Amino acid sequence: MYDKITPPTTGAKITFKNGEPIVPDNPIIPFIQGDGTGIDIWPATVKVLDAAVETAYKGKRKISWFKIYAGDEACDLYGTYQYLPQDTQTAIKEYGVAIKGPLTTPVGGGIRSLNVALRQIFDLYACVRPCRYYAGTPSPHKNPEKLDVIVYRENTEDIYLGIEWRQGNEIGDRLISILNNELIPATPEHGNKRIPLDSGIGIKPISKKGSQRLVRRAIKHALQLPKNKQMVTLVHKGNIMKYTEGAFRDWGYELATTEFRHETITERESWILSNKEKNANISLEENARMIDPGFNALTTDKQAQIVKEVETVLNSIWETHGNGKWKDKIMVNDRIADSIFQQIQTRPDEYSILATMNLNGDYLSDAAAAIVGGLGMGPGANIGDECAIFEATHGTAPKHAGLDKINPGSVILSGVMMLEYLGWQEAADLIKKGLGDAIANSQVTYDLARLLEPPVEPLKCSEFAEAIIKHFS
Ligand SMILES: NC(=O)C1=CN([C@@H]2O[C@H](COP(=O)(O)OP(=O)(O)OC[C@H]3O[C@@H](n4cnc5c(N)ncnc54)[C@H](OP(=O)(O)O)[C@@H]3O)[C@@H](O)[C@H]2O)C=CC1
Ligand SMILES: O=C(O)CCC(=O)C(=O)O
Ligand SMILES: [Mg+2]
């Protein structure tokens, strides 16, 4: 079955039922070390994960690690250009849950991203990146502890399905010509727009199914959070790209108010209901005026549409959500992408789950990680219905590779997410405690050490792992 790798002789497979993993006490879990700093981070991570499992379960549970190959290491073993061997794909499919270090993607030309390939091959449609603060972590912000968000990033389409043609490419030029001469003129709303002939050109598809399955998972996650964190914010640039980014928002609301009607309230609905709660006799038009500050400037048709919206909301959910009942529901709102970047800095505690399309979530997850301590503290998971691959938000950080210097926190915390996904909460909690206590005692790697006031002597990557383990108890 495998060409150059052999699964461990002990251990059993994780299986899936209705999208949930069924986990034996000794699961076989494939891992990819990763390029660049993977050589430093992975050994530190596996040490911490094994120690936590052993401390928590005293030998009753144990992970059987299965080394698989991707990136530079794969080419060394399998030959030139064998960046993602069939063995690796077979192992992930067979064992269902894997963890990986970062993999290099060249800019401009060269191979396409292996990270993206893995997410697409296994349909890992939700990229889940929690950003929470550990006390004592230096941050450029005054109150980083107020940020506690989870970026739920669509992981298979948008720019990940981006189809591009280089400037001057014959097919790209044909596409530009068809657009300029046939398709754009046939769409009156595009007016006199024309694509400059010397353009590279790309297409970013956003599908209804892809958007809604991501939002569905985000809402299900919100249902498991404490009441005060039960919020899902749809992030988009729908004011500019109405039929891709705007559609993501609309499909998100549609899903929330149909599949999860009993559990959710949209922000706009909450305004309508609370206007009526404050004034039982409020007219539909007065209510409409209050939810739309620009009401007076709108056309009569548009005004009638908003009045109708108010009427529909009151008729359909006043009974179930009115008289304050909506306050116990999951709040679903939306924010334009540029605005959310300032909102997570100026009003961090007003947000919880940020559901995004692919590119917006890529930017947002790095930015949110920066607030709580930087990329060394940014874990993540790529989750599908029958497979999950855990990995940090950051990349290979090549200039730090092999120096035993980089912060392994983000991959260790990705391991924590994996343990939680397996249902091994006790081991996950030990690591969170150990990491929190190490940081609180200023036992940190260079990235955090240089920001502390006064600066402290940094620990090596491997020493940080040892410090975490010492702080288990
Ligand atoms: N999932 C994946 O495998 C990903 C892969 N990549 C790939 O990684 C390669 C390098 O990308 P690049 O843009 O340099 O981004 P990186 O995320 O690799 O690194 C950028 C900078 O972030 C800081 N940083 C990153 N990781 C850590 C860490 N663990 N601890 C502390 N600081 C950290 C370092 O800053 P400083 O030097 O200031 O300390 C580093 O120089 C590219 O090929 C890219 O495509 C990128 C993202 C994700
Ligand atoms: O695949 C890559 O090289 C980059 C991926 C990335 O930036 C991310 O997943 O956040
Ligand atoms: Mg990224």
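Since the structure is predicted, the reported quantities are computational estimates derived from the model, not experimental observations. Ligands are counted one by one from 1 in listed order, and the atoms in each one are counted from 1 as well.
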Query - Protein contact for atom 8 (O) of ligand 1 (heavy atom, distance under 4.0 Å) - result: yes
Query - N, O or S atom within D362 nearest to the Mg ion (ligand 3), by name - result: OD1
Query raised in the report: Which protein heavy atom lies closest to atom 27 (C) of ligand 1, and at what distance to 0.1 Å?
Result: I406 CD1, 3.8 Å
Query raised in the report: Should the ring pair W42 and W65 be called parallel, tilted or perpendicular, given that the plane angle runs from 0 to 90° and is split at 30 and 60?
Result: perpendicular
Report task. Using distance alone, decide if ligand 1 has a nitrogen or oxygen within less than 3.5 Å of any nitrogen or oxygen in T393. Result -> no
Query raised in the report: For the side-chain hydrogen bond (donor to acceptor under 3.5 Å, both in side chains) test, which of R213, E154, R217 pairs with Y125?
Result: R217
Query raised in the report: Relative to the heavy atoms of P102, which atoms of ligand 1 are at a distance of less than 4.0 Å?
Result: 3 (O)
Requested in this report: Scan the protein's non-hydrogen atoms and note whether one is under 4.0 Å from atom 22 (O) of ligand 1.
Outcome: yes
Query raised in the report: Identify the closest protein heavy atom to atom 8 (C) of ligand 2: which residue and atom is it, and at what distance?
Result: R129 NH2, 3.4 Å
Query raised in the report: Identify the closest protein heavy atom to atom 3 (O) of ligand 2: which residue and atom is it, and at what distance?
Result: T105 OG1, 2.5 Å
**Report entry** K100 neighbourhood, listing ligand 1 atoms whose heavy-atom distance to it stays under 4.0 Å
**Finding:** 3 (O)
Requested in this report: Output yes when the distance from some N or O of ligand 2 to some N or O of S113 is under 3.5 Å, and no in every other case.
Outcome: yes
Query - Minimum-distance protein heavy atom relative to atom 7 (O) of ligand 2 - result: D362 OD1, 3.4 Å
Report task. For atom 40 (C) of ligand 1, find the nearest protein heavy atom and state the residue, atom name and distance (0.1 Å precision). Result -> A397 CB, 4.0 Å
Query raised in the report: In terms of atom number and element, which parts of ligand 1 are under 4.0 angstrom from non-hydrogen atoms of D447?
Result: 30 (N), 31 (C)
Query raised in the report: Going by the atom numbers of ligand 1, which of them fall below 4.0 Å from some non-hydrogen atom of T104?
Result: 43 (O)
Report task. Name the closest protein heavy atom to atom 35 (O) of ligand 1, giving the residue it belongs to and the distance to 0.1 Å. Result -> Y446 OH, 4.1 Å
Report summary line: shortest atom 10 (C) of ligand 1-to-protein heavy-atom contact is with T396 OG1, 3.5 Å
Query raised in the report: Which protein non-hydrogen atom lies closest to atom 26 (N) of ligand 1, naming both residue and atom, and how far is it?
Result: H394 CG, 3.2 Å
Report task. Please confirm whether the backbone N or O of H141 pairs with a side-chain atom of S139, one donor and one acceptor, at under 3.5 Å? Result -> yes
Query raised in the report: Side chain or backbone of R450 under 4.0 Å from ligand 1, or both, or neither, by non-hydrogen atoms?
Result: side chain
Report summary line: Counting from 1 in the order shown, the ligand 2 atoms closer than 4.0 Å to a non-hydrogen atom of Y160 are 5 (C), 8 (C), 9 (O)
Query raised in the report: Tell me: protein heavy atom nearest atom 41 (O) of ligand 1, and distance?
Result: K399 CE, 3.7 Å
Query - Check: F66 ring centroid to Y95 ring centroid under 6.0 Å - result: yes
Query raised in the report: Looking at atom 24 (N) of ligand 1, what's its closest protein heavy atom, distance included?
Result: L375 CB, 4.0 Å
Query raised in the report: Within less than 4.0 angstrom of ligand 2, does R112 place any heavy atom?
Result: no
Query raised in the report: Who's closest to atom 14 (O) of ligand 1 heavy-atom-wise, of G395, P398, C461, S410?
Result: P398
Query raised in the report: Strictly by modelled atom types, are E20 and N18 linked by a side-chain donor-acceptor pair under 3.5 Å?
Result: no
Query - Nearest-contact summary for atom 4 (C) of ligand 2 - protein heavy atom, Å - result: N115 ND2, 4.5 Å
Query - Closest to atom 45 (O) of ligand 1 among L448, T105, I412 (heavy-atom distance) - result: T105
Report task. Please find out if less than 6.0 Å separates the ring center of F390 from that of Y421. Result -> yes
Requested in this report: Pull out every atom of ligand 2 sitting under 4.0 Å from any heavy atom of R153, numbered as shown with elements.
Outcome: 8 (C), 9 (O), 10 (O)
Query raised in the report: What are the atoms of ligand 1, with element, lying closer than 4.0 Å to any heavy atom of R119?
Result: 1 (N)
Requested in this report: Note the single closest protein heavy atom to atom 29 (N) of ligand 1, along with its residue, its atom name and the distance in Å.
Outcome: N407 O, 2.8 Å
